[in-house]
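Beneath this line is the structure, given in structure tokens, with notes to follow.
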Amino acid sequence: MQIELRVLRYDPERDQQPHEATYTVEANPMDRVLDLLHKVKYEQDGTLTFRRSCAHGVCGSDAMLINGRNRLACKIRVDQLKGKRITVAPLPGLPVMKDLVVDMEGFFAKFRSVHPYLQPSGPVPERERLQSAKDRAKFDDTTKCILCAACTTSCPSFWAQPFYVGPAAIVNAHRFIFDSRDDAAEERLEILADRDGVWRCRTVFNCVEACPREIHITQAILEVSRAIVERHA
Amino acid sequence: MAPRVTRTGTVRPQGGGWELAIWYLMRLTGLGLFVTALAHFIIVHFIYDPSLQTAKWITDERWGNIAWRTVDWLMLTFVVFHAFMGLRSVVQDYTKGGTRTVLTMALYLGAFVVFAMGTIAVATLNFPVKP
Amino acid sequence: MLLRYRGSEGMLAWAFHRVSGVAIWAFILLHVFDIWLVGVNPDLYNELLSVYASPIGRVVESLLGAALLYHALNGMRVIIMDFWPSMTRYHKQIWYVNWVLFAVIGLPILVQIMAPAFGLAAPFTFGGQ
Amino acid sequence: MIHEHDALIVGAGGAGLWAALELAKAGVDAAVLTKLYPTRSHTGAAQGGVCAALGNQEEDHWEWHMFDTIKGGDYLVDQDAAEVLAREAIETVIELEHMGLPFNRTPDGKIDQRRFGGHTRNYGEGPVMRACFAADRTGHMILQTLYQQCVKLGVKFYDEYHVVDLITEGGELGDGGRCAGVVAYRIADGELVTLRSKAVMMATGGFGRMFRVTSNAWSLTGDGVALAYRHGVPAQDMEFYQFHPTGIVGIGILLSEAARGEGAYLLDNDGFRFMERYAPKLMELAPRDMVSRAITQEIRAGRGINGKDYVYLDVRHLGRKKIDEKLPDITDFVRVYQGLEPYTDPIPIQPTAHYAMGGIPTNLLAQVTRDASNTVVPGLYAAGETACVSVHGANRLGTNSLVDLLVFGRRAGRQMARDVKGVGMPNVADDVTEPIRAELDAIRGRVKGERKEAIRTELADVMMDDAGVYRDAVGLERARAKVAELRERYKNVSVDDKGTVFNTDLLEAREVGYLLDTAQTMVAAAINRKESRGAHSREDFPDRDDVNFLTHSLATQAADGGVDLAYKPVTITKFQPKPRIY
Ligand SMILES: Cc1cc2nc3c(=O)[nH]c(=O)nc-3n(C[C@H](O)[C@H](O)[C@H](O)COP(=O)(O)OP(=O)(O)OC[C@H]3O[C@@H](n4cnc5c(N)ncnc54)[C@H](O)[C@@H]3O)c2cc1C
Ligand code: HEM
Ligand code: SF4
Ligand code: F3S
Ligand code: FES
């Protein structure tokens, strides 16, 4: 079948403004949007620029706005999008470098800001630190994050206030706050109790819809909020 | 406003417990309003018709009793906090810099004025009343 | 972006909540002012009251009631999730339930408020009337 | 622009990141360059697990692990290296746990372990639970955990810097020269950046993109091997390339061996567990080369599903609970990419190009060596898939690559930290970037050239068809001629994008060049190896020939643009070669 692929393009060396370019691509229903982008790049116009690497939804390179929602281009099939017209644009709310490539530096800075690494106290044991399967399960969901930024850039709170630390960073803080081996929860809760921390979440759930790893992000955020409340209680 | 998250990932904490308190009180006043504001609306629009609620009816009937005045004053307190703090977050979302500061201050001031007007109304209208 | 992004239930729920919140806020300003008038200038208040009781006033009140009811119900939805984060997994279901409650509670009130505007007697009567 | 660091690491996968941690801990001024953001590295795609003889589930010993590695590698493994691997696997896995890696847990809170292909108890008696895992996203967790630790220690990263050349001092690396740094292309704005350094480590991963059907990322184009090769460093054991038995039909996405580790079946068209014909003891858990060949045989015998070119992987009998707990990601892949439901449908699979056993030769300290007597190239190190120690020999066992990253990534970091103390900062001429700038400008400036896509797809086709699971002289000669032709055509390659900002078109063209180099060495070494061993399976020479070929191949660039081959002996310590039967 033929798909009309509309891509919001912008080349800082040539364009004043982003503009939409339309391509007609031959596709089959099991193709993914990434395949279509590749077809355009390899058969029609090599200047079309986007990031991609693993091509199966585990590296987080190719999150973009597809038919009005953030998704991974390599994880969404043509038949799932229904219809013969597909629109593609860069992730909302981050500076566009070129075509579908956005500047991720601010996003990663937020990730780093929540101290996303294990900080145990006490002596290092000879063998592994023991952890029950039940304790392990408490943060299982948030270990799945691939830092694709689909969530943070789908959040109206983030669009409104780019200082908002954003769902991805909170997810990664959650992963350590609820890890029984970690002893620095206090420090992270302090950071997230900031004005631009968890309180900016208005339970919009765009993040959850966008997350390609199906992480229950809002639940994680609210668990952190609750931990902050309990810490003060 | 300078970026508060730096390249090396340090954050300058701001707000401290203040944001937490507001967040929490938003929920508590929300719960309070769920009871008082909904009840209020039902009373004045469902049980009584607005056309009946003349100034005289208010002074004589509705606020003829101290319990109602207390409930309504409580509602006033909740609503002033809840609505103005709610609006504060809207303002803080969509404005920045000087505008934000001015509007936020205006909101705090507005909240005070509204709270004062409401309290004066509840407390002075034909007071003291018959028990 | 708000208009470009195709959010689903959660985003709608939030957008309505915010809009309704601001609308109620605006009304509260007016409402506190009019109650204040009761003491300061009862005649002016009564004049205002006739606007409230007019057909257009009734439409506005219905809208206000809808906003309040929606905001209150959705506010409870938010609070439930805040206190029991695992309920976020059912946020859509809660939202649908809210709309059912909204209809069940809202319709009788709507009829009651609007009936006089069409010259009909209010369908529900209570001791006070 | 010139930067300077005591040590540079090219690549931010598992191998590069661990090395960076060691350098940071030692207080060395080091930096990591990567053409992707670190968390995009393909280590994150590894699924099944990482083996270490912890013995948490049942009795196990590192000697058994060592033996399995050697036998799995069809005795081409250097046994001193295998010993290091099996011993240090244990401490590195424990160290990973200490860094925070969220392993699945046994009921008593220890790291959980599962079975994996080719890993056995008591020197081959039966499968053993040795693979430590975090659901089926072990690689993801390793990559994230190591990156988190790098954030913790403030490791310096050059994100989205594509290394396009190595800088040498005192001659080419193959002739005794020293590696003095790298030239990197900053993707954001096309700037060529010179980085001087006392020590450079290559950790650039594999080159599966040489084949049509592969589990590898688009970015895995053999950059490290090719760059070293261009400076005279040999490429070792290139003819050994692993095909993983269970890739999603057509697109090659991997369905981890963990599925079979948890008990999945392989079925032919009659619903028969055909592995019984090939490895009655280990069945589905035989090493990968055997299973891939078995599948190919079944398909050739017309027993593929409906006579087509695939067979079934069946997890239905495992039950939903086990599938959801232990294999959530791969079942998700099946749903998304095949539109099937693994609870109820068998999964069509076929072998997919997966892992390079060969690469840049190194010694046990991860120092790159340049000849049959293991002469060290000063200042150059390598670890991970791009390196060849060789712990995998002719065929890698499942999970052993992650172990390789940990053990030799760590060793590389430690060795660099030691080595940089004794040497001075090399001198680098101001104009080192000129040749490479000229090369890139030529590609960019060419108006009427050939599109790189044509070259890449033709390469992938010929390698898949003629240098795949089974090989023979005729096919390999065909491949050699084709690669030579493509190399000629590549001289005239051109791109659409003439800009400087984020020009992926240009970089992809550059990557095709790396693939052509690695393919050339692979085919040359494969033609010359007239035996079948591990993943290298010649139909015209079906038997292993220890008399003539118990040796590592070393491919270097010949003056005429062809390949020179040399051989170096395999280190044998404890285990004499025996027939490989499972
Ligand atoms: C789907 C899949 C599943 C696997 N499962 C397992 C498993 O269960 N167990 C197991 O043991 N092994 C497994 N493997 C194998 C193993 O994951 C890889 O061999 C290993 O992760 C390679 O790691 P690495 O550090 O060498 O390189 P990679 O992780 O591939 O990283 C390469 C790095 O080099 C950088 N780079 C490359 N070229 C350049 C350049 N020119 N300039 C700058 N930077 C560059 C990249 O940006 C990247 O950061 C699997 C592999 C695949 C593909
Ligand atoms: C009656 C008058 C009310 C007014 C004027 C009002 C106003 C507001 C406003 C302006 C907001 C901010 C919305 C935003 O940040 O997006 C808000 C938020 C909120 N309101 Fe109300 N509200 C009222 C009643 C209620 C009631 C009855 C409840 C619940 C029982 C409630 C619960 C909430 C909650 C929980 C929030 C926070 C939502 C969030 O942060 O996402 N409100 N309200
Ligand atoms: S939480 Fe989900 S959407 Fe957000 S960055 Fe992680 S994987 Fe992407
Ligand atoms: S979209 Fe944003 S507001 Fe909260 S629920 Fe998700 S972070
Ligand atoms: S390309 Fe890796 S997530 Fe899409």
Side-chain angles (χ1 to χ4, degrees), chain A residues 8 18 20 64-71 81 87-94 138 141-142 150-151 153-162 167 170 174 178 198-211 214-230, chain C residues 1-28 63-64 66-103 105-106:
Chain A
L8 193 67
E20 200 164 79
M64 51 187 80
L65 186 69
I66 297 172
N67 279 6
R69 289 194 178 154
N70 284 354
R71 338 188 188 226
L81 290 170
T87 61
V88 181
L91 286 178
L94 292 176
K138 285 187 187 146
D141 204 33
T142 43
C151 55
T153 59
S154 75
C155 172
S157 277
F158 169 74
W159 302 332
Q161 276 309 327
I170 303 176
H174 178 282
F178 294 93
V198 286
W199 318 122
R200 285 212 179 271
C201 173
R202 297 269 133 67
T203 49
V204 177
F205 288 94
N206 278 4
C207 54
V208 180
E209 302 263 335
C211 180
E214 290 165 18
I215 299 174
H216 296 282
I217 302 176
T218 313
Q219 176 172 354
I221 296 175
L222 294 176
E223 280 171 5
V224 172
S225 307
R226 207 171 71 170
I228 296 175
V229 172
E230 279 165 7
Chain C
M1 253 170 281
L2 268 179
L3 299 179
R4 204 150 54 98
Y5 202 88
R6 272 181 45 211
S8 39
E9 287 86 347
M11 184 161 166
L12 283 177
W14 163 77
F16 292 173
H17 192 76
R18 180 157 273 201
V19 170
S20 59
V22 174
I24 311 166
W25 170 81
F27 174 76
I28 298 284
L63 287 176
L64 175 75
L68 181 70
L69 187 57
Y70 173 80
H71 188 96
L73 289 171
N74 191 57
M76 287 307 281
R77 168 175 165 274
V78 170
I79 291 172
I80 287 172
M81 296 189 296
D82 286 337
F83 289 99
W84 294 278
S86 54
M87 295 305 283
T88 49
R89 297 191 183 206
Y90 309 103
H91 77 100
K92 290 185 183 172
Q93 285 85 334
I94 308 179
W95 202 54
Y96 301 142
V97 169
N98 273 352
W99 283 116
V100 173
L101 290 175
F102 182 83
I105 303 172

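Reminder, nothing fancy here: chain letters follow the sequence lines and each chain counts from 1.
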Which heavy atom of C:Pro85 sits nearest a heavy atom of A:Gln219, and at what distance?
->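 Heavy atoms only, the tightest pair is O-CG, 3.6 Å.
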Mind listing the closest non-hydrogen atom pair of A:Pro92 and C:Tyr5 along with its distance?
->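 Looking at all heavy atoms of both residues, the closest pair is CG-CD1, 4.3 Å.
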Could you tell me the separation between the [atom1] atom of [X] and the [atom2] atom of [Y], rounded to the nearest 0.5 Å?
X: C:Arg4; Y: A:Trp159; atom1: CZ; atom2: CH2; value: 8.5 Å
X: C:Trp84; Y: A:Leu222; atom1: CH2; atom2: CG; value: 13.0 Å
X: A:Ser154; Y: C:Arg6; atom1: OG; atom2: CZ; value: 13.5 Å
X: C:Asp82; Y: A:Thr218; atom1: CG; atom2: OG1; value: 11.0 Å

Compare all side-chain heavy atoms of [X] with those of [Y] and state whether any distance is below 4.5 angstrom.
X: A:Val208; Y: C:His91; value: no
X: C:Ser8; Y: A:Arg69; value: yes
X: A:Arg202; Y: C:Arg18; value: yes

Can you list every pair that meets salt bridge (charged side-chain N to carboxylate O under 4.0 Å, His left out) and has a residue in residues 70-80 of chain C, with sequence neighbours left out?
->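 Those involving residues 70-80 of chain C do not exist here.
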Could I get the full list of side chain to side chain contact (heavy atoms under 4.5 Å, CB included) partners for C:Phe16, not counting sequence neighbours?
->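 Once residues adjacent in sequence are excluded, the partners of C:Phe16 under the side chain to side chain contact (heavy atoms under 4.5 Å, CB included) criterion are C:Leu12, C:Tyr70, C:Trp95, C:Trp99.
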With a 4.5 angstrom heavy-atom cut-off, could you sort out which part of A:Ala89 is near chain C: side chain, backbone, both or neither?
->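 Side chain of A:Ala89 only, per the 4.5 Å heavy-atom cut-off to chain C.
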Mind ranking A:Ala160, A:Gly93, A:Gly68, A:Pro156 by heavy-atom pairs under 4.5 Å with chain C and telling me who comes out on top?
->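 Ranked by heavy-atom pairs under 4.5 Å with chain C, first place is A:Gly68.
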For C:Phe27, does the CZ atom have more than 12 heavy-atom neighbours from other residues, nucleotides or ligands under 6.0 Å away?
->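 Yes, enclosed.
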